[in-house]
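All chains are named by letter (A, B, ...) in the order of the sequence lines, taking the proteins before the strands, and each is independently numbered beginning at 1. Side chains included, hydrogens not; waters and symmetry mates left out as well; all remaining heavy atoms used.
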There are 2 protein chains.
Amino acid sequence: MRVNKTLFSPVRSKRTFEDVSLQVRDLIVRGVLKPGDRLPPEAELGEQFHVGRQTVREALRILELSGFISIQKGFGGGPFVKDSTVGKATDILWHAFKMAKTSLAEVVAARLLIEKAVLNDVFDRAGKEDIKKLQENVAKAKDLIAKGQKPFDESFEFHILLAKASKNNVFVVLVETINTIHRRLRSQKPPTFAMVKGFVKKHEQILEALIGKDRQRALRLLEEDTRQIRNSR
Amino acid sequence: MRVNKTLFSPVRSKRTFEDVSLQVRDLIVRGVLKPGDRLPPEAELGEQFHVGRQTVREALRILELSGFISIQKGFGGGPFVKDSTVGKATDILWHAFKMAKTSLAEVVAARLLIEKAVLNDVFDRAGKEDIKKLQENVAKAKDLIAKGQKPFDESFEFHILLAKASKNNVFVVLVETINTIHRRLRSQKPPTFAMVKGFVKKHEQILEALIGKDRQRALRLLEEDTRQIRNSR
DNA sequence: TCACATTTGTCCGTATGTATC
DNA sequence: AGATACATACGGACAAATGTG
(Lines give C-alpha, C1' and ligand atoms only; values in the text may rest on other atoms or scores of the structure.)
Protein backbone atom coordinates (compact mmCIF):
# COMPACT_ATOMS: atom_id res chain seq x y z
CA MET A 1 0.00 0.00 0.00
CA ARG A 2 1.27 3.37 -0.99
CA VAL A 3 1.43 6.04 1.70
CA ASN A 4 -0.81 8.99 1.05
CA LYS A 5 1.63 11.75 0.26
CA THR A 6 -0.65 14.49 1.56
CA LEU A 7 0.11 13.11 5.01
CA PHE A 8 3.83 13.43 4.87
CA SER A 9 5.04 15.76 2.16
CA PRO A 10 3.31 19.12 2.35
CA VAL A 11 6.43 20.49 4.01
CA ARG A 12 8.27 21.80 0.99
CA SER A 13 6.81 23.55 -1.97
CA LYS A 14 10.31 23.74 -3.44
CA ARG A 15 9.98 27.15 -4.91
CA THR A 16 13.33 28.83 -5.30
CA PHE A 17 12.15 32.38 -4.58
CA GLU A 18 10.66 31.22 -1.26
CA ASP A 19 13.98 29.71 -0.30
CA VAL A 20 15.77 32.95 -1.12
CA SER A 21 13.27 35.14 0.77
CA LEU A 22 13.46 32.87 3.82
CA GLN A 23 17.24 33.02 3.87
CA VAL A 24 17.29 36.81 3.71
CA ARG A 25 14.43 37.05 6.23
CA ASP A 26 16.30 34.93 8.74
CA LEU A 27 19.34 37.16 8.41
CA ILE A 28 17.14 40.14 9.27
CA VAL A 29 15.24 38.45 12.10
CA ARG A 30 18.45 37.18 13.63
CA GLY A 31 19.92 40.66 13.47
CA VAL A 32 22.76 39.89 11.07
CA LEU A 33 21.26 42.45 8.73
CA LYS A 34 20.16 45.53 10.60
CA PRO A 35 17.69 48.32 9.82
CA GLY A 36 19.21 50.75 7.36
CA ASP A 37 21.55 48.17 5.86
CA ARG A 38 21.64 48.07 2.09
CA LEU A 39 21.40 44.70 0.38
CA PRO A 40 23.26 43.99 -2.84
CA PRO A 41 21.44 44.83 -6.08
CA GLU A 42 19.22 42.24 -7.70
CA ALA A 43 21.81 41.09 -10.21
CA GLU A 44 24.43 40.54 -7.56
CA LEU A 45 22.00 38.73 -5.26
CA GLY A 46 21.21 36.46 -8.19
CA GLU A 47 24.88 35.63 -8.60
CA GLN A 48 25.39 34.92 -4.89
CA PHE A 49 22.34 32.65 -4.67
CA HIS A 50 22.98 31.17 -8.14
CA VAL A 51 19.50 32.08 -9.31
CA GLY A 52 18.08 34.30 -12.02
CA ARG A 53 17.09 37.88 -11.53
CA GLN A 54 13.38 37.11 -11.85
CA THR A 55 13.64 34.72 -8.92
CA VAL A 56 15.39 37.35 -6.82
CA ARG A 57 12.72 39.90 -7.67
CA GLU A 58 9.91 37.60 -6.51
CA ALA A 59 11.77 36.99 -3.27
CA LEU A 60 12.16 40.75 -2.81
CA ARG A 61 8.43 41.27 -3.44
CA ILE A 62 7.68 38.92 -0.55
CA LEU A 63 10.14 40.64 1.78
CA GLU A 64 8.84 44.04 0.78
CA LEU A 65 5.20 43.13 1.41
CA SER A 66 6.14 41.52 4.71
CA GLY A 67 7.68 44.84 5.70
CA PHE A 68 11.25 43.61 6.05
CA ILE A 69 12.72 45.71 3.27
CA SER A 70 11.97 48.77 1.20
CA ILE A 71 13.26 49.31 -2.31
CA GLN A 72 14.67 52.42 -3.90
CA LYS A 73 15.32 52.87 -7.56
CA GLY A 74 18.20 54.51 -9.34
CA PHE A 75 21.76 55.27 -8.43
CA GLY A 76 22.66 54.24 -4.88
CA GLY A 77 19.29 52.52 -4.62
CA GLY A 78 18.40 48.91 -4.04
CA PRO A 79 16.84 46.92 -1.19
CA PHE A 80 17.16 48.41 2.31
CA VAL A 81 16.35 46.68 5.61
CA LYS A 82 13.40 48.30 7.38
CA ASP A 83 12.78 48.39 11.13
CA SER A 84 9.06 47.90 11.72
CA THR A 85 6.84 45.21 10.29
CA VAL A 86 3.60 46.08 12.03
CA GLY A 87 2.18 48.29 9.32
CA LYS A 88 1.85 45.54 6.77
CA ALA A 89 0.11 43.25 9.22
CA THR A 90 -2.39 46.01 9.90
CA ASP A 91 -2.94 46.27 6.17
CA ILE A 92 -3.63 42.57 5.81
CA LEU A 93 -5.95 42.45 8.83
CA TRP A 94 -7.78 45.47 7.45
CA HIS A 95 -8.59 43.61 4.26
CA ALA A 96 -9.45 40.49 6.23
CA PHE A 97 -12.03 42.41 8.21
CA LYS A 98 -13.31 44.06 5.06
CA MET A 99 -13.81 40.72 3.36
CA ALA A 100 -15.61 39.35 6.40
CA LYS A 101 -17.86 42.41 6.25
CA THR A 102 -16.94 43.38 9.80
CA SER A 103 -19.10 46.27 10.97
CA LEU A 104 -17.92 49.47 12.56
CA ALA A 105 -19.84 48.51 15.70
CA GLU A 106 -17.82 45.31 16.04
CA VAL A 107 -14.53 47.18 15.72
CA VAL A 108 -15.61 49.78 18.27
CA ALA A 109 -16.74 47.10 20.72
CA ALA A 110 -13.46 45.23 20.36
CA ARG A 111 -11.43 48.40 20.67
CA LEU A 112 -13.26 49.44 23.81
CA LEU A 113 -12.84 46.08 25.54
CA ILE A 114 -9.15 45.92 24.75
CA GLU A 115 -8.38 49.48 25.74
CA LYS A 116 -10.25 49.03 29.01
CA ALA A 117 -8.20 45.94 29.74
CA VAL A 118 -5.05 47.86 28.87
CA LEU A 119 -5.99 50.85 31.02
CA ASN A 120 -6.62 48.55 33.92
CA ASP A 121 -3.07 47.26 33.56
CA VAL A 122 -1.69 50.77 33.21
CA PHE A 123 -2.91 51.59 36.70
CA ASP A 124 -0.66 48.85 38.08
CA ARG A 125 2.38 49.37 35.90
CA ALA A 126 2.73 52.94 34.66
CA GLY A 127 5.85 54.76 35.82
CA LYS A 128 6.72 58.43 36.03
CA GLU A 129 8.12 58.53 32.50
CA ASP A 130 4.89 57.14 31.09
CA ILE A 131 2.83 59.78 32.89
CA LYS A 132 5.21 62.43 31.64
CA LYS A 133 4.88 61.31 28.02
CA LEU A 134 1.11 61.31 28.31
CA GLN A 135 1.20 64.80 29.79
CA GLU A 136 3.41 66.00 26.97
CA ASN A 137 1.02 64.49 24.46
CA VAL A 138 -1.98 66.25 25.96
CA ALA A 139 -0.06 69.50 26.28
CA LYS A 140 0.96 69.40 22.63
CA ALA A 141 -2.58 68.62 21.56
CA LYS A 142 -3.97 71.54 23.57
CA ASP A 143 -1.29 73.77 22.10
CA LEU A 144 -2.33 72.86 18.58
CA ILE A 145 -5.97 73.47 19.44
CA ALA A 146 -5.04 76.91 20.75
CA LYS A 147 -3.45 77.57 17.34
CA GLY A 148 -6.65 76.51 15.64
CA GLN A 149 -5.18 73.26 14.29
CA LYS A 150 -6.59 69.74 14.63
CA PRO A 151 -4.30 67.53 16.80
CA PHE A 152 -5.34 64.47 14.88
CA ASP A 153 -2.14 62.46 15.18
CA GLU A 154 -1.67 63.39 18.84
CA SER A 155 -5.19 62.23 19.58
CA PHE A 156 -4.29 58.89 18.01
CA GLU A 157 -0.92 58.75 19.73
CA PHE A 158 -2.46 59.11 23.18
CA HIS A 159 -3.90 55.62 22.97
CA ILE A 160 -0.59 54.19 21.77
CA LEU A 161 1.17 55.81 24.73
CA LEU A 162 -1.37 54.26 27.06
CA ALA A 163 -0.65 50.85 25.57
CA LYS A 164 3.08 51.40 25.99
CA ALA A 165 2.51 52.31 29.64
CA SER A 166 1.06 48.84 30.15
CA LYS A 167 4.60 47.56 29.50
CA ASN A 168 3.23 44.92 27.19
CA ASN A 169 4.40 45.03 23.59
CA VAL A 170 1.50 42.86 22.44
CA PHE A 171 -0.95 45.53 23.54
CA VAL A 172 1.00 48.22 21.71
CA VAL A 173 0.70 46.29 18.48
CA LEU A 174 -2.95 45.38 19.02
CA VAL A 175 -4.03 48.90 19.91
CA GLU A 176 -2.08 50.27 16.97
CA THR A 177 -3.71 47.78 14.65
CA ILE A 178 -7.29 48.13 15.83
CA ASN A 179 -7.18 51.90 16.11
CA THR A 180 -5.74 52.19 12.63
CA ILE A 181 -8.51 50.01 11.27
CA HIS A 182 -11.06 52.01 13.23
CA ARG A 183 -9.66 55.20 11.77
CA ARG A 184 -9.77 53.83 8.25
CA LEU A 185 -13.36 52.66 8.65
CA ARG A 186 -14.54 56.16 9.43
CA SER A 187 -12.05 57.97 7.20
CA GLN A 188 -14.78 59.01 4.82
CA LYS A 189 -15.90 61.49 7.41
CA PRO A 190 -12.97 62.94 9.35
CA PRO A 191 -13.83 64.37 12.76
CA THR A 192 -14.59 68.06 13.04
CA PHE A 193 -12.56 70.49 15.07
CA ALA A 194 -15.09 70.35 17.88
CA MET A 195 -14.90 66.56 17.97
CA VAL A 196 -11.12 66.42 18.20
CA LYS A 197 -11.32 69.05 20.92
CA GLY A 198 -13.67 66.73 22.76
CA PHE A 199 -11.21 63.83 22.41
CA VAL A 200 -8.38 65.84 23.91
CA LYS A 201 -10.60 66.99 26.76
CA LYS A 202 -11.40 63.37 27.57
CA HIS A 203 -7.73 62.41 27.32
CA GLU A 204 -6.87 65.13 29.80
CA GLN A 205 -9.51 63.86 32.21
CA ILE A 206 -8.33 60.25 31.83
CA LEU A 207 -4.81 61.40 32.63
CA GLU A 208 -6.09 63.22 35.73
CA ALA A 209 -7.91 60.12 36.88
CA LEU A 210 -4.75 58.08 36.26
CA ILE A 211 -2.65 60.40 38.38
CA GLY A 212 -5.36 60.53 41.03
CA LYS A 213 -5.51 56.72 40.95
CA ASP A 214 -9.25 56.82 40.31
CA ARG A 215 -9.54 53.60 38.34
CA GLN A 216 -13.30 53.51 37.93
CA ARG A 217 -13.49 57.10 36.70
CA ALA A 218 -10.71 56.51 34.18
CA LEU A 219 -12.44 53.43 32.78
CA ARG A 220 -15.72 55.34 32.50
CA LEU A 221 -14.00 58.24 30.75
CA LEU A 222 -12.30 55.90 28.28
CA GLU A 223 -15.66 54.40 27.44
CA GLU A 224 -17.07 57.88 26.82
CA ASP A 225 -14.05 58.74 24.68
CA THR A 226 -14.44 55.67 22.50
CA ARG A 227 -18.19 56.14 22.12
CA GLN A 228 -17.53 59.73 21.17
CA ILE A 229 -15.26 58.51 18.39
CA ARG A 230 -17.87 56.05 17.23
CA ASN A 231 -20.51 58.73 16.96
CA SER A 232 -18.21 60.79 14.79
CA ARG A 233 -19.31 58.81 11.77
CA MET B 1 10.60 77.75 -2.85
CA ARG B 2 10.23 74.21 -3.95
CA VAL B 3 7.54 72.12 -2.32
CA ASN B 4 8.90 69.22 -0.31
CA LYS B 5 7.85 66.22 -2.32
CA THR B 6 7.61 63.95 0.70
CA LEU B 7 4.59 65.99 1.72
CA PHE B 8 2.58 65.51 -1.42
CA SER B 9 3.79 62.62 -3.51
CA PRO B 10 4.02 59.47 -1.39
CA VAL B 11 1.14 58.14 -3.48
CA ARG B 12 3.51 56.57 -6.00
CA SER B 13 1.78 53.61 -7.54
CA LYS B 14 4.08 53.78 -10.49
CA ARG B 15 4.80 50.11 -10.44
CA THR B 16 2.69 48.12 -12.82
CA PHE B 17 2.60 44.95 -10.74
CA GLU B 18 1.13 46.93 -7.83
CA ASP B 19 -1.57 48.24 -10.10
CA VAL B 20 -2.39 44.72 -11.31
CA SER B 21 -2.49 43.26 -7.80
CA LEU B 22 -4.69 46.10 -6.58
CA GLN B 23 -7.15 45.57 -9.42
CA VAL B 24 -7.43 41.84 -8.75
CA ARG B 25 -7.58 42.42 -4.98
CA ASP B 26 -10.48 44.83 -5.36
CA LEU B 27 -12.37 42.28 -7.44
CA ILE B 28 -11.94 39.79 -4.60
CA VAL B 29 -12.72 42.23 -1.78
CA ARG B 30 -15.81 43.46 -3.60
CA GLY B 31 -16.95 39.88 -4.08
CA VAL B 32 -16.86 39.85 -7.86
CA LEU B 33 -14.34 37.03 -7.58
CA LYS B 34 -15.37 34.55 -4.93
CA PRO B 35 -13.47 31.93 -2.93
CA GLY B 36 -12.80 28.90 -5.08
CA ASP B 37 -12.91 30.86 -8.33
CA ARG B 38 -10.08 30.18 -10.71
CA LEU B 39 -8.26 33.11 -12.26
CA PRO B 40 -6.90 32.95 -15.81
CA PRO B 41 -3.35 31.61 -16.15
CA GLU B 42 -0.44 34.01 -16.02
CA ALA B 43 -0.06 34.37 -19.77
CA GLU B 44 -3.73 35.19 -20.26
CA LEU B 45 -3.73 37.66 -17.36
CA GLY B 46 -0.78 39.35 -19.00
CA GLU B 47 -2.70 39.67 -22.27
CA GLN B 48 -5.80 41.08 -20.55
CA PHE B 49 -3.82 43.66 -18.57
CA HIS B 50 -1.45 44.29 -21.47
CA VAL B 51 1.57 43.50 -19.31
CA GLY B 52 4.34 40.93 -19.40
CA ARG B 53 4.28 37.62 -17.56
CA GLN B 54 6.95 38.69 -15.09
CA THR B 55 4.78 41.64 -14.03
CA VAL B 56 1.82 39.31 -13.57
CA ARG B 57 3.94 36.94 -11.53
CA GLU B 58 5.03 39.68 -9.12
CA ALA B 59 1.42 40.76 -8.72
CA LEU B 60 0.46 37.15 -7.97
CA ARG B 61 3.26 36.92 -5.37
CA ILE B 62 1.73 39.87 -3.54
CA LEU B 63 -1.78 38.44 -3.69
CA GLU B 64 -0.52 35.05 -2.57
CA LEU B 65 1.36 36.43 0.42
CA SER B 66 -1.58 38.61 1.35
CA GLY B 67 -3.66 35.42 1.45
CA PHE B 68 -6.07 36.35 -1.32
CA ILE B 69 -5.08 33.58 -3.69
CA SER B 70 -3.33 30.26 -3.70
CA ILE B 71 -1.51 28.87 -6.67
CA GLN B 72 -1.57 25.32 -7.98
CA LYS B 73 0.87 23.93 -10.47
CA GLY B 74 0.23 21.55 -13.31
CA PHE B 75 -2.74 20.79 -15.49
CA GLY B 76 -5.94 22.57 -14.43
CA GLY B 77 -3.88 24.61 -12.02
CA GLY B 78 -3.39 28.33 -11.75
CA PRO B 79 -4.36 31.05 -9.28
CA PHE B 80 -7.42 30.33 -7.10
CA VAL B 81 -9.25 32.76 -4.84
CA LYS B 82 -8.89 31.85 -1.17
CA ASP B 83 -11.34 32.62 1.61
CA SER B 84 -9.31 33.52 4.67
CA THR B 85 -6.53 36.07 4.89
CA VAL B 86 -5.86 35.85 8.61
CA GLY B 87 -3.03 33.35 8.47
CA LYS B 88 -0.55 35.60 6.71
CA ALA B 89 -1.23 38.48 9.09
CA THR B 90 -0.52 36.13 11.97
CA ASP B 91 2.75 35.23 10.33
CA ILE B 92 3.80 38.85 9.97
CA LEU B 93 2.78 39.73 13.54
CA TRP B 94 4.70 36.71 14.75
CA HIS B 95 7.89 38.02 13.21
CA ALA B 96 7.13 41.52 14.46
CA PHE B 97 6.87 40.22 18.02
CA LYS B 98 9.99 38.13 17.54
CA MET B 99 11.98 41.14 16.35
CA ALA B 100 10.71 43.21 19.28
CA LYS B 101 11.82 40.41 21.59
CA THR B 102 8.35 40.04 23.05
CA SER B 103 8.36 37.67 26.00
CA LEU B 104 6.09 34.70 26.55
CA ALA B 105 4.77 36.38 29.68
CA GLU B 106 3.60 39.38 27.68
CA VAL B 107 1.76 37.17 25.19
CA VAL B 108 0.10 35.18 27.96
CA ALA B 109 -0.96 38.35 29.78
CA ALA B 110 -2.43 39.81 26.60
CA ARG B 111 -4.15 36.56 25.73
CA LEU B 112 -5.70 36.28 29.17
CA LEU B 113 -7.04 39.82 29.21
CA ILE B 114 -8.57 39.51 25.76
CA GLU B 115 -10.12 36.12 26.37
CA LYS B 116 -11.62 37.30 29.62
CA ALA B 117 -13.13 40.27 27.85
CA VAL B 118 -14.46 37.94 25.17
CA LEU B 119 -15.91 35.47 27.67
CA ASN B 120 -17.67 38.30 29.43
CA ASP B 121 -19.35 39.17 26.14
CA VAL B 122 -20.18 35.55 25.43
CA PHE B 123 -22.37 35.48 28.53
CA ASP B 124 -24.54 38.19 27.02
CA ARG B 125 -24.60 37.05 23.41
CA ALA B 126 -24.14 33.29 23.07
CA GLY B 127 -27.06 31.43 21.52
CA LYS B 128 -28.09 27.78 21.60
CA GLU B 129 -26.08 26.96 18.48
CA ASP B 130 -22.92 28.35 20.06
CA ILE B 131 -23.40 26.26 23.19
CA LYS B 132 -24.04 23.23 21.02
CA LYS B 133 -20.84 23.72 19.05
CA LEU B 134 -18.85 24.10 22.25
CA GLN B 135 -20.41 20.93 23.63
CA GLU B 136 -19.55 19.06 20.45
CA ASN B 137 -15.99 20.31 20.69
CA VAL B 138 -15.60 19.12 24.28
CA ALA B 139 -17.28 15.81 23.46
CA LYS B 140 -14.92 15.20 20.55
CA ALA B 141 -11.90 16.09 22.68
CA LYS B 142 -13.00 13.69 25.42
CA ASP B 143 -13.59 11.03 22.83
CA LEU B 144 -10.05 11.38 21.52
CA ILE B 145 -8.68 11.24 25.04
CA ALA B 146 -10.58 8.01 25.62
CA LYS B 147 -8.84 6.64 22.53
CA GLY B 148 -5.50 7.67 23.96
CA GLN B 149 -4.95 10.49 21.45
CA LYS B 150 -4.10 14.12 22.18
CA PRO B 151 -6.96 16.46 21.18
CA PHE B 152 -4.53 19.24 20.38
CA ASP B 153 -6.49 20.98 17.62
CA GLU B 154 -9.79 20.66 19.49
CA SER B 155 -8.22 22.24 22.54
CA PHE B 156 -7.17 25.17 20.35
CA GLU B 157 -10.51 25.31 18.57
CA PHE B 158 -12.43 25.69 21.85
CA HIS B 159 -11.09 29.20 22.28
CA ILE B 160 -11.94 30.12 18.67
CA LEU B 161 -15.50 28.87 19.21
CA LEU B 162 -15.74 31.03 22.32
CA ALA B 163 -14.66 34.05 20.29
CA LYS B 164 -17.23 33.24 17.63
CA ALA B 165 -19.92 33.04 20.31
CA SER B 166 -19.15 36.67 21.16
CA LYS B 167 -20.61 37.50 17.71
CA ASN B 168 -17.70 39.82 17.06
CA ASN B 169 -15.51 38.96 14.10
CA VAL B 170 -12.69 41.13 15.40
CA PHE B 171 -12.34 38.93 18.44
CA VAL B 172 -12.28 35.81 16.31
CA VAL B 173 -9.33 37.16 14.38
CA LEU B 174 -7.53 38.46 17.46
CA VAL B 175 -7.93 35.26 19.45
CA GLU B 176 -6.85 33.20 16.46
CA THR B 177 -3.78 35.41 16.00
CA ILE B 178 -2.66 35.60 19.61
CA ASN B 179 -3.30 31.95 20.37
CA THR B 180 -1.37 30.90 17.28
CA ILE B 181 1.56 33.06 18.34
CA HIS B 182 1.30 31.69 21.87
CA ARG B 183 1.36 28.16 20.50
CA ARG B 184 4.39 28.90 18.34
CA LEU B 185 6.28 30.45 21.23
CA ARG B 186 6.02 27.28 23.27
CA SER B 187 6.18 24.87 20.34
CA GLN B 188 9.62 23.68 21.39
CA LYS B 189 7.95 21.80 24.19
CA PRO B 190 4.54 20.44 23.17
CA PRO B 191 2.15 19.71 26.03
CA THR B 192 2.01 16.21 27.43
CA PHE B 193 -1.04 13.99 27.37
CA ALA B 194 -1.80 14.85 30.98
CA MET B 195 -1.63 18.56 30.22
CA VAL B 196 -4.01 18.42 27.28
CA LYS B 197 -6.32 16.33 29.42
CA GLY B 198 -6.22 19.15 31.97
CA PHE B 199 -7.12 21.70 29.28
CA VAL B 200 -10.15 19.74 28.20
CA LYS B 201 -11.27 19.32 31.79
CA LYS B 202 -11.11 23.09 32.27
CA HIS B 203 -12.97 23.65 29.01
CA GLU B 204 -15.72 21.35 30.19
CA GLN B 205 -16.00 23.26 33.46
CA ILE B 206 -16.06 26.61 31.66
CA LEU B 207 -18.86 25.31 29.49
CA GLU B 208 -20.78 24.18 32.59
CA ALA B 209 -20.35 27.60 34.17
CA LEU B 210 -21.53 29.19 30.92
CA ILE B 211 -24.69 27.10 30.82
CA GLY B 212 -25.22 27.70 34.53
CA LYS B 213 -24.71 31.43 33.93
CA ASP B 214 -22.03 31.56 36.61
CA ARG B 215 -19.97 34.39 35.16
CA GLN B 216 -17.42 34.74 37.92
CA ARG B 217 -16.66 31.03 38.02
CA ALA B 218 -16.21 30.91 34.24
CA LEU B 219 -13.78 33.83 34.31
CA ARG B 220 -11.80 32.23 37.11
CA LEU B 221 -11.68 28.91 35.26
CA LEU B 222 -10.48 30.62 32.09
CA GLU B 223 -7.69 32.24 34.05
CA GLU B 224 -6.68 28.86 35.44
CA ASP B 225 -6.81 27.35 31.96
CA THR B 226 -4.54 30.02 30.50
CA ARG B 227 -2.07 29.85 33.37
CA GLN B 228 -2.02 26.08 32.96
CA ILE B 229 -1.00 26.59 29.34
CA ARG B 230 1.70 29.01 30.35
CA ASN B 231 3.19 26.55 32.80
CA SER B 232 3.42 23.93 30.12
CA ARG B 233 6.70 25.43 28.99
C1' DT C 1 22.29 72.07 -17.67
C1' DC C 2 24.19 67.97 -19.46
C1' DA C 3 26.00 63.61 -19.77
C1' DC C 4 26.89 59.22 -17.21
C1' DA C 5 26.73 55.24 -14.15
C1' DT C 6 23.82 52.45 -11.30
C1' DT C 7 19.79 50.11 -10.20
C1' DT C 8 15.00 48.94 -10.52
C1' DG C 9 11.06 48.07 -13.73
C1' DT C 10 9.36 45.67 -17.67
C1' DC C 11 9.03 42.65 -21.68
C1' DC C 12 10.24 38.67 -24.51
C1' DG C 13 11.89 34.05 -25.78
C1' DT C 14 12.83 29.71 -24.20
C1' DA C 15 13.37 25.68 -21.40
C1' DT C 16 12.05 22.71 -17.54
C1' DG C 17 9.16 20.82 -13.84
C1' DT C 18 4.68 19.19 -12.43
C1' DA C 19 0.05 17.73 -12.06
C1' DT C 20 -4.02 16.06 -14.62
C1' DC C 21 -6.40 13.72 -18.25
C1' DA D 1 2.35 5.96 -20.98
C1' DG D 2 1.88 10.07 -23.48
C1' DA D 3 -0.17 14.54 -24.40
C1' DT D 4 -1.69 18.77 -22.36
C1' DA D 5 -1.74 22.94 -19.58
C1' DC D 6 0.05 25.26 -16.29
C1' DA D 7 3.74 27.36 -13.02
C1' DT D 8 8.62 27.95 -12.44
C1' DA D 9 12.99 29.61 -13.83
C1' DC D 10 16.77 31.42 -16.79
C1' DG D 11 18.98 35.04 -19.79
C1' DG D 12 18.91 38.93 -22.68
C1' DA D 13 17.36 43.40 -23.77
C1' DC D 14 15.66 48.02 -23.17
C1' DA D 15 13.19 51.76 -20.57
C1' DA D 16 12.78 54.66 -16.50
C1' DA D 17 14.35 56.62 -12.35
C1' DT D 18 17.95 58.61 -9.49
C1' DG D 19 22.08 60.40 -7.89
C1' DT D 20 27.06 62.09 -9.37
C1' DG D 21 30.35 64.96 -11.69
Side-chain angles (χ1 to χ4, degrees), chain A residues 2-24 33 36-66 68-82, chain B residues 2-6 8-24 33 36-82:
Chain A
R2 228 166 59 101
V3 174
N4 184 346
K5 63 180 170 185
T6 59
L7 273 178
F8 288 120
S9 68
V11 249
R12 273 301 140 90
S13 50
K14 272 294 179 200
R15 298 201 286 186
T16 315
F17 63 83
E18 282 181 341
D19 197 6
V20 172
S21 79
L22 284 176
Q23 284 197 46
V24 177
L33 294 173
D37 283 358
R38 177 182 162 189
L39 275 65
E42 292 171 357
E44 198 175 323
L45 281 171
E47 286 174 17
Q48 293 193 23
F49 283 111
H50 294 99
V51 297
R53 214 184 129 211
Q54 165 156 2
T55 306
V56 172
R57 283 185 61 79
E58 293 187 36
L60 292 179
R61 286 290 84 70
I62 292 175
L63 292 168
E64 186 184 26
L65 187 69
S66 302
F68 289 107
I69 63 169
S70 64
I71 291 167
Q72 289 163 27
K73 288 201 296 190
F75 188 95
F80 289 84
V81 179
K82 277 181 68 177
Chain B
R2 229 165 59 102
V3 174
N4 184 345
K5 65 180 173 186
T6 59
F8 288 121
S9 65
V11 266
R12 59 100 217 243
S13 181
K14 278 185 169 268
R15 303 198 285 187
T16 316
F17 63 82
E18 283 180 341
D19 197 5
V20 171
S21 79
L22 285 176
Q23 283 196 47
V24 176
L33 295 173
D37 282 357
R38 177 182 161 190
L39 275 65
E42 291 173 357
E44 199 174 323
L45 281 171
E47 287 175 17
Q48 293 193 20
F49 283 111
H50 294 98
V51 297
R53 283 195 294 280
Q54 163 128 15
T55 305
V56 172
R57 282 184 64 76
E58 294 189 32
L60 291 179
R61 285 291 84 71
I62 291 175
L63 292 168
E64 186 184 24
L65 186 69
S66 301
F68 288 109
I69 62 168
S70 64
I71 291 168
Q72 289 166 32
K73 292 188 286 194
F75 185 96
F80 288 83
V81 179
K82 277 181 68 177

Could you tell me the separation between the CD atom of A/E18 and the C1' atom of C/dG17, rounded to a whole number of Å? 15 Å
Checking all strands, does B/G74 fall into the base, sugar-phosphate, or nothing category for heavy-atom contacts under 4.0 angstrom? base
Looking at every heavy atom in both B/S70 and B/K82, which two are closest together, and how far apart are they? CB-CD, 3.6 Å
Base, sugar-phosphate, or nothing: which does A/E42 touch, judged by heavy atoms less than 4.0 Å apart? sugar-phosphate
Provide, to the nearest angstrom, the distance between the CZ atom belonging to B/F75 and the P atom belonging to D/dA5. 6 Å
Atom-to-atom span, CD of B/E58 to C1' of D/dA7 - whole angstrom: 15 Å
If you compare all heavy atoms of A/V24 against all heavy atoms of A/F49, which two are closest, and at what distance to 0.1 Å? CG2-CZ, 4.1 Å
Please find the pair of heavy atoms, one from A/F80 and one from A/G36, that lie closest to each other, and give the distance. CD2-O, 3.7 Å
Grab the two heavy atoms, one from B/V20 and one from B/A59, that are nearest each other, plus how far apart they are. CG1-CB, 3.7 Å
Using OP1 and OP2 only, check whether a side-chain N or O of B/R61 sits under 4.0 Å from D/dT8. yes
State whether B/T16 places a side-chain N or O below 4.0 Å from either non-bridging phosphate oxygen (OP1 or OP2) of C/dT10. yes
Assign each of B/G78 and A/Q54 the nucleotide of DNA chain D bearing its closest heavy atom; nearer the 5' end lies the nucleotide of B/G78
Spacing between B/H50 atom NE2 and C/dT10 atom P, to the nearest angstrom: 16 Å
Distance in angstrom units between B/F17 CZ and C/dC11 P, rounded: 11 Å
Distance, rounded to the nearest Å, where B/F80 contributes CZ and D/dC6 contributes P: 10 Å
Pick out which of A/V56, A/L60, A/I62 makes a side-chain contact (heavy atoms from CB on, under 4.5 Å) with A/S21. A/I62
By the 4.0 Å heavy-atom rule, please label B/Q72 as base, sugar-phosphate, or nothing. sugar-phosphate
Scan B/P40 against the nucleic acid and name what it touches under 4.0 Å (heavy atoms): base, sugar-phosphate only, or nothing. nothing
side-chain N/O B/R57 vs C/dT10 OP1/OP2, d < 4.0 Å: no
Send over the distance from B/I71 CD1 to C/dA19 P, rounded to a whole Å. 15 Å
Does A/R53 have a side-chain nitrogen or oxygen under 4.0 Å from the phosphate oxygens OP1 or OP2 of D/dG11? no
Could you state the atom-to-atom distance from NZ of B/K73 to C1' of C/dT18 in whole Å? 6 Å
OP1 or OP2 of D/dA7 sitting under 4.0 Å from any side-chain N/O of A/R15? no
